[in-house]
Amino acid sequence: MSALHGTRVVLGVTGGIAAYKAVEVSRRLVDAGAHVVPILTAGAEKFIGRVTFDALASEKVQTSLWDESSPIPHTTLGQTADLIIVAPATARLLSDYRTGRSDDLLTATLIATRAPVLVAPAMHTEMWEHAAVQDNISTLRDRGVHIVNPEAGRLAGGDLGFGRLAAPETIVAHAERVLSAGDLVGTHVVITAGGTREAIDPVRVISNRSTGKQGYALAEAAWARGARVTLISTVDRPDPVAVEVVQVASAAEMQLAVEAVNTADVIIMAAAVADFRPANPADQKIKKGDAATPAIELERTHDFLVDLGASKAEGQTIVGFAAETNDLVSNARGKLERKNLDLIVANDVSEPGAGFGHDTNKVTILGQNGAESDVAMSSKRVVADAILDAVVAIR
Ligand code: CTP
């Protein structure tokens, strides 16, 4: 379940062209189960109508210190919030927040809270790079304010540069990370994802049906729980927020990429690594007119999960996956023992709705000493969190 579920989030919107994107931030927060209380500054109201927020947030928009029925609204919003997000945050807001001004509802709420605060600035490149703005940012960061840095892209007036508001999904992912239990803070987690591709010739490959969805869900969940994450992937999916992604194709390339980070605290081999590859891939495309139908001779790939298990360092956690179509638990337990793993995630890929390509999965997580727990059919993100719960429990 999202760390935002059941939380009360004040969403402050200031007056910038990116204010329209705050509507999408609000919608995503509500979708994740948060109760969203929107505050628009006078400037924000010039860019976006309060009716839009009234319809999409959990409460009506508040804008002023003076027009509310409660006698002390400037403190109640801050006191009752679990998290305050300001998106977009203008240079003025950063300056006011830094100096402790409280002459409108949003700044008063920011001063009258002990909840964590997440600020997503957006402004022109020159303004963002100005020493005064950078000074305000670093002071706020030193005080524990969470900053979602702006991105490069198109700015107001058609300029291109750095200063564009981070994407709504990025802001919401940061909010989840701020509110999470943080049980993987200080932990480096390596995750592999997708099916490897083994060359037959320069244009053809042997591969499998893995789409990498479970691995990407694991990467997102691990980052949200505070980990530093390296994702080694064979698939072309949008990069998860703030995760280092290393693209590879074959089992041999994946092995090299994993070896480069094999001292990580946790390694989760969710990838479907080929067990066999063409023994003699052709240098040039095989033409159908060349000869008779070619026979492709296969050879075994190297099982580098065996290496990881054999060289496991003290305190390191190694997790394997077992994609099976029969005798799920006994096959998977055999792999757990043979490969010296701490956990194995047994995945019955013949079950409807589970395994390759689906958005849902159903797994059994096996551990040392006969430990076994079933995760009912659920989204791959829920399954990812269940796997990480099992990792955290044995560390
Ligand atoms: N794996 C690996 N390198 C390989 C093959 C598999 O690191 N060359 C890893 C997978 O990423 C997965 C685990 O080993 O985490 C299980 O892979 P699987 O192919 O199902 O297991 P095998 O031991 O090869 O058993 P079998 O082929 O008999 O099912």
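Counting from 1, the numbers follow the sequence of the chain as shown. These numbers come from a predicted model, not from an experiment. Start at 1 and go down the list; that is how both ligands and their atoms are numbered.
In this pair, W223 and H174 present their aromatic rings perpendicular. The plane angle is above 60°, beyond the 30 to 60° band.
Close approach to R338 involves these atoms of ligand 1, each under 4.0 Å from a residue heavy atom: 23 (O). For ligand 1 and T301, the ligand atoms under 4.0 Å from any heavy atom of the residue are 8 (N). Counting atoms of ligand 1 from 1 in the listed order, those under 4.0 Å from a heavy atom of G320 are 15 (O).
Counting only distance, with no hydrogens or angles, the side chain of R164 and the backbone of A18 share no donor-acceptor pair below 3.5 Å. Counting only distance, with no hydrogens or angles, the side chain of Q255 and the backbone of A251 share no donor-acceptor pair below 3.5 Å.
Nearest to atom 12 (C) of ligand 1 among the protein's heavy atoms is F321 O, 3.1 Å. Counting only heavy atoms of the protein, atom 28 (O) of ligand 1 lies nearest to K335 CE, 4.5 Å. Of the protein's heavy atoms, L305 CD2, 3.6 Å lies nearest to atom 9 (C) of ligand 1. Annotation: atom 6 (C) of ligand 1 to nearest protein heavy atom, V273 CB, 3.9 Å. Nearest to atom 5 (C) of ligand 1 among the protein's heavy atoms is D275 OD1, 3.3 Å.
The side chain to side chain donor-acceptor pair (under 3.5 Å) test with D342 is passed by exactly one of R395, Q368, K312: K312.
If you check the side chains of D104 and T41, you find no donor sitting under 3.5 Å from an acceptor.
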